[in-house]
Participant: 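First the structure, which I've put down as structure tokens, then a few questions once you've had a look.
Residue numbers count from 1 along this sequence.
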Amino acid sequence: MEEELMGERSPTRVVPGYIDSKDDQLRRLRRIEGQVRGLQKMVESDTYCIDILTQVSAATKALEAVALGLLDDHLRHCISLAADGTTAGLDRQIDEASAAIARLVRS
């Protein structure tokens, strides 16, 4: 019950929608991790502010691309599975996806 309140799912109960693209997502996240490390080095070496901001923007866009990919996988996988179940299950998945979209838009 507590897991459901926190919006988390037990890995034994639900297969993530990104399971087929997991390697691609991990590759993208590792690339972003490298970008962030590069940003740290830029700050340490007193790089010009605008150059750092340009790289921050690139890292931000890369994270947004990961988020949109995960959202697309969620919509295609989790919501389509819920559509085969009850209306309440489908409504819950749509609410969850809508909340995720709202978080992305606000960020």
Participant: How close do R28 and V66 get, counting heavy atoms only, and between which atoms?
Facilitator: CB-CG2, 3.8 Å
Participant: Between atom CD of Q35 and atom CG of L29, what is the distance when rounded to the nearest 0.5 Å?
Facilitator: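 Those atoms lie 11.0 Å apart.
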Participant: With rounding to the nearest 0.5 angstrom, report the CG to CG distance, L53 to L39.
Facilitator: 9.5 Å
Participant: Are E64 and K61 within salt-bridge range, i.e. N to O under 4.0 Å?
Facilitator: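 Counted as a salt bridge, because a side-chain N and a carboxylate O are separated by less than 4.0 Å.
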Participant: Hey, mind stepping through T47 and Q55 against side-chain contact (heavy atoms from CB on, under 4.5 Å) and telling me if it holds?
Facilitator: CA-CA 11 Å; T47 302; Q55 293 306 310; over 6 Å; no
Participant: Between atom CD of E33 and atom CG of L26, what is the distance when rounded to the nearest 0.5 Å?
Facilitator: 11.0 Å
Participant: Give a yes or no answer on whether the side chain of T60 reaches the backbone of V56 with a donor-acceptor pair at less than 3.5 Å.
Facilitator: yes
Participant: May I have the step-by-step check of salt bridge (Lys or Arg N to Asp or Glu O under 4.0 Å) for R92 and E96, ending in yes or no?
Facilitator: CA-CA 6 Å; R92 185 176 61 249; E96 185 177 74; over 6 Å; no
Participant: State yes or no: do L70 and L75 share one hydrophobic cluster built from I, L, V, M, F, W and Y residues joined by side-chain heavy-atom distances below 4.5 Å, directly or via other members?
Facilitator: no
Participant: Please say yes or no: joined through hydrophobic side-chain contacts below 4.5 Å, possibly via intermediate residues, are L104 and L63 part of one cluster?
Facilitator: no
Participant: Using the rule that Ile, Leu, Val, Met, Phe, Trp and Tyr join whenever any side-chain heavy atoms are under 4.5 Å apart, tell me whether V105 and L71 fall into a single cluster.
Facilitator: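 Shared cluster, yes.
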Participant: Going from CG on D72 to OH on Y18, what distance comes out if it is rounded to the nearest 0.5 angstrom?
Facilitator: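 Those atoms lie 15.0 Å apart.
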Participant: Rounded to the nearest 0.5 Å, what separation is found between the NE2 atom of H74 and the CG atom of L68?
Facilitator: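 One gets 13.5 Å once the value is rounded to the nearest 0.5 Å.
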Participant: One pair to check against salt bridge (Lys or Arg N to Asp or Glu O under 4.0 Å): R27 and D24. What are the steps and the verdict?
Facilitator: CA-CA 5 Å; R27 197 173 7 265; D24 291 336; 2.5 Å; yes
Participant: Look up atom CG in D91 and atom OG in S98, then write down how far apart they are to the nearest 0.5 Å.
Facilitator: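 Answer for the CG-OG pair, D91 versus S98, is 10.5 Å.
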